[in-house]
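A short write-up of the structure that comes next.
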Amino acid sequence: MSLLGIAGSLRKQSNSLAVLNAMFAEMPEDVSTNRFDLHEIPLYDADLNTPASVSALKNAIERSSGLVVVSSEYNWGIPGVLKNAIDWASRPGYASVLKGKPVLVVTQTAGALGGARAHQQIRETFASTLSRVTPCLPVLISAVANKVKDGKFVDDATRAICRDAISELLLEVRLLANRL
Ligand SMILES: Cc1cc2nc3c(=O)[nH]c(=O)nc-3n(C[C@H](O)[C@H](O)[C@H](O)COP(=O)(O)O)c2cc1C
């Protein structure tokens, strides 16, 4: 089983990336992990002949058993960097590599709400791509600086919530594999 992690932020010190690293650091031994960096993904333009970076993103999604998408909230919504990448990956519509793909959505913010509004928008976006959004309690990490440090969890409650969510994602992957 292999999970692909996508952080919806480009900066080196991204809290989204820190959360992703903390989650992947505690993965069961039989699960491999990869991260896809969105730096090279251009703005969506249907006139472009599928850029190499977009092909790489689509291939990485296709090869993975499931996605872990960790994002912040920007201005009460989904950050453009992440939405743009999903838009690229979503083509051809309703028949893309995202169709049927198990996806765990995690949001984090410095503030108190944990990105609840962006979280809902990201879930809806993955509904539009016919992805299988993991049925679990929404993982909303508030005051993220107190929960993750140097790519490791420093808060047991957050660690437990993320571990449970990953278990649900892996269950979804297994259920899907058994169905096929
Ligand atoms: C342009 C911008 C808009 C933001 N809007 C919100 C917001 O609407 N709600 C919120 O809780 N935090 C907001 N924040 C704070 C970020 O969610 C927070 O700093 C987050 O941890 C950044 O994640 P990152 O390090 O992965 O980019 C905003 C930050 C930026 C840069």
Side-chain angles (χ1 to χ4, degrees), residues 2-27 31 33-45 51 53-54 56-58 60-61 64 66-90 98 101-129 131 133-134 136-166 168-169:
S2 69
L3 297 182
L4 182 68
I6 297 175
S9 176
L10 302 182
R11 68 192 187 104
K12 287 192 189 72
Q13 298 301 320
S14 162
N15 290 323
S16 304
L17 184 60
V19 169
L20 187 60
N21 287 338
M23 293 178 78
F24 278 4
E26 302 199 358
M27 206 56 73
V31 179
T33 57
N34 291 295
R35 295 162 189 74
F36 195 94
D37 182 337
L38 299 179
H39 267 99
E40 303 299 324
I41 304 293
L43 287 177
Y44 184 81
D45 180 350
S53 59
V54 172
L57 172 63
K58 288 182 165 190
I61 292 171
S64 73
L67 305 184
V68 179
V69 174
V70 184
S71 178
S72 63
E73 175 174 287
Y74 282 0
N75 297 312
W76 295 11
I78 178 170
V81 162
L82 177 61
K83 181 63 163 57
N84 181 61
I86 298 172
D87 290 342
W88 273 114
S90 71
L98 288 170
K101 188 67 66 178
V103 179
L104 173 63
V105 177
V106 174
T107 52
Q108 59 71 27
T109 54
L113 299 181
R117 293 159 292 210
H119 193 105
Q120 191 57 32
Q121 292 177 15
I122 298 168
R123 290 177 87 102
E124 275 183 29
T125 301
F126 281 117
S128 84
T129 59
S131 306
V133 178
T134 305
C136 62
L137 291 174
V139 183
L140 306 168
I141 304 176
S142 59
V144 64
N146 300 332
K147 314 289 174 56
V148 176
K149 284 197 171 63
D150 301 324
K152 300 265 165 57
F153 289 115
V154 291
D155 177 68
D156 286 340
T158 305
R159 176 186 287 112
I161 288 166
C162 289
R163 192 188 49 220
D164 289 352
I166 287 286
E168 292 300 325
L169 171 64

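Residue numbers count from 1 along this sequence. The structure presented is a predicted model; accordingly, all values stated were derived computationally and were not measured. Note that ligands are numbered from 1 as they come in the structure, with each ligand's atoms numbered from 1 the same way.
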query: By number and element, which atoms of ligand 1 are closer than 4.0 Å to a non-hydrogen atom of S9?
result: 24 (P), 26 (O), 27 (O)
task: For a side chain to side chain contact (heavy atoms under 4.5 Å, CB included) with I122, tell me which candidate from V103, T107, V133 qualifies.
output: T107
Heavy-atom nearest neighbour in the protein, as seen from atom 8 (O) of ligand 1, with distance rounded to 0.1 Å: W76 N, 2.8 Å
query: In terms of residue, atom name and distance, what is the protein heavy atom nearest to atom 15 (C) of ligand 1?
result: E73 O, 4.2 Å
Protein contact of atom 31 (C) of ligand 1 - nearest heavy atom, named by residue and atom, plus distance: Y74 CE1, 3.9 Å
task: Output the distance between atom CG (L104) and atom CG (L3), rounded to the nearest 0.5 Å.
output: 9.0 Å
- request: Drop me the distance from L140's CG to R117's CZ, to the nearest 0.5 angstrom.
  value: 11.0 Å
- request: Using a strict cut-off of 4.0 Å, indicate which atoms of ligand 1 neighbour a heavy atom of R11.
  value: 24 (P), 25 (O), 27 (O)
task: Return the minimal non-hydrogen interatomic distance between P79 and G8, and the atom names on each side.
output: CB-O, 3.9 Å
task: Report, in ascending order of atom number, the atoms of ligand 1 lying under 4.0 Å from any heavy atom of A110.
output: 18 (C), 21 (O)
query: Which heavy atom of the protein is the closest neighbour of atom 22 (C) of ligand 1, given with residue, atom name and distance?
result: S72 CB, 3.6 Å
task: Could you tell me whether K152 atom NZ has more than 12 heavy atoms of other residues or ligands within 6.0 Å of it?
output: no
- prompt: Side chain or backbone of S14 under 4.0 Å from ligand 1, or both, or neither, by non-hydrogen atoms?
  reply: both
field: Separation of L98 CG from F126 CZ (nearest 0.5 Å)
entry: 6.0 Å
message: Among all protein heavy atoms in this structure, tell me which lies nearest to atom 23 (O) of ligand 1, with the distance rounded to 0.1 Å.
response: Q108 NE2, 2.9 Å
task: Tell me which protein heavy atom sits closest to atom 5 (N) of ligand 1, plus the residue, atom name and distance to 0.1 Å.
output: N75 N, 2.8 Å
message: Suppose we measure from atom 11 (O) of ligand 1 to each protein heavy atom; which comes out shortest, and what is that distance?
response: T109 CG2, 3.3 Å
query: Is the CD atom of E40 crowded by more than 12 outside heavy atoms at less than 6.0 Å?
result: no
- request: Look up atom CD1 in I141 and atom NZ in K147, then write down how far apart they are to the nearest 0.5 Å.
  value: 7.5 Å
